[in-house]
A.B. asks: 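There's a structure below that I have some questions on.
Counting from 1, the numbers follow the sequence of the chain as shown. Just so we're clear, the structure is a prediction, and the values are computed from it rather than from any experiment.
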Amino acid sequence: EKSIVSIPDTISFIDAAAAVMPLFVIHGLLEVFEKNIKGKERILVIGASGGIGSMLVTMLRKVFADYNLYITGVCSGRNKEFVLGLGADRVSRKES
C-alpha cells in the first residue's frame, strides 16, 4: 500500500524525510512486541522524549490498549510532563 502526502512549503524535503524515519523503526518494534506481549507487561522506554521513544510510548499505549501495559519512560527531568502526556505511567529521570 502506498501513501502520498504533500509537504508544506514551510518544511524542507530533508526535514520531511527525516520525520518519517522513526516510523519505520517503530513498525519493526511493534511487530516484535506483538509476538511477545502476553498480557500485563512492564516496558521500559529509554529516550522516551526523543523521536523514536516518544512514538513508541504513544503507539504501545494505543496499539496494545487491551493489554494493560505499565510503561516507564526514561528522559530528562524537563521532559517528564511531555512523556506522561504521551501515555507513560511513570517517568524515571535520566542522570547526566
A.B. asks: With a 3.5 Å distance limit and no angle check, can you tell me whether Asn36 reaches the backbone of Val32 through a side-chain donor-acceptor pair?
C.D. replies: yes
A.B. asks: Which pair of heavy atoms, one from Ala48 and one from Val57, lies closest together, and at what distance?
C.D. replies: CB-CG2, 4.1 Å
A.B. asks: Could you work out, with ring pair (Phe, Tyr, Trp, His ring centres under 6.0 Å) as the rule, every residue matching Tyr67, not counting sequence neighbours?
C.D. replies: Phe64
A.B. asks: Any side-chain heavy-atom pair from Leu23 and His27 closer than 4.5 angstrom?
C.D. replies: no
A.B. asks: Distance from Leu69 atom CG to Leu60 atom CG, nearest 0.5 Å?
C.D. replies: 6.5 Å
A.B. asks: With rounding to the nearest 0.5 Å, note down the distance linking CZ in Arg78 to OG in Ser49.
C.D. replies: 7.5 Å
A.B. asks: Closer than 4.0 angstrom, basic N to acidic O: yes or no for Arg61 and Asp89?
C.D. replies: yes
A.B. asks: Tell me, do Phe33 and Ile43 make a side-chain contact under 4.5 Å, heavy atoms counted?
C.D. replies: yes
A.B. asks: Do Val45 and Thr72 have side chains that get closer than 4.5 Å, going by heavy atoms?
C.D. replies: no
A.B. asks: Out of curiosity, Met59 CE to Leu30 CG, how far, rounded to the nearest 0.5 Å?
C.D. replies: 5.5 Å
A.B. asks: What about Leu44 and Val91, same hydrophobic cluster or not, with Ile/Leu/Val/Met/Phe/Trp/Tyr joined at side-chain heavy-atom distances under 4.5 Å?
C.D. replies: no
A.B. asks: If Ile, Leu, Val, Met, Phe, Trp and Tyr residues are connected whenever their side-chain heavy atoms lie under 4.5 Å apart, and connections chain through other members, are Val20 and Phe13 in the same group?
C.D. replies: no
A.B. asks: Could you report the tightest heavy-atom contact between Cys75 and Lys80, atom names first, then the distance?
C.D. replies: SG-N, 4.0 Å
A.B. asks: For a 4.5 angstrom cut-off between non-hydrogen side-chain atoms, does Val83 reach Ser54?
C.D. replies: no
A.B. asks: Test Leu56 against every option in Leu29, Ile71, Ile46, Leu86 by the side-chain contact (heavy atoms from CB on, under 4.5 Å) rule and name the one that passes.
C.D. replies: Leu29
A.B. asks: Does Glu81 reach the side chain of Leu84, with side-chain heavy atoms less than 4.5 Å apart?
C.D. replies: yes
A.B. asks: My understanding is that only residues two or more places apart in sequence, or in another chain, count here; which of them pass salt bridge (Lys or Arg N to Asp or Glu O under 4.0 Å) with Arg90?
C.D. replies: none
A.B. asks: Give, for atom CG of Asp15 and atom CD1 of Ile7, the distance between the pair rounded to the nearest 0.5 Å.
C.D. replies: 9.5 Å
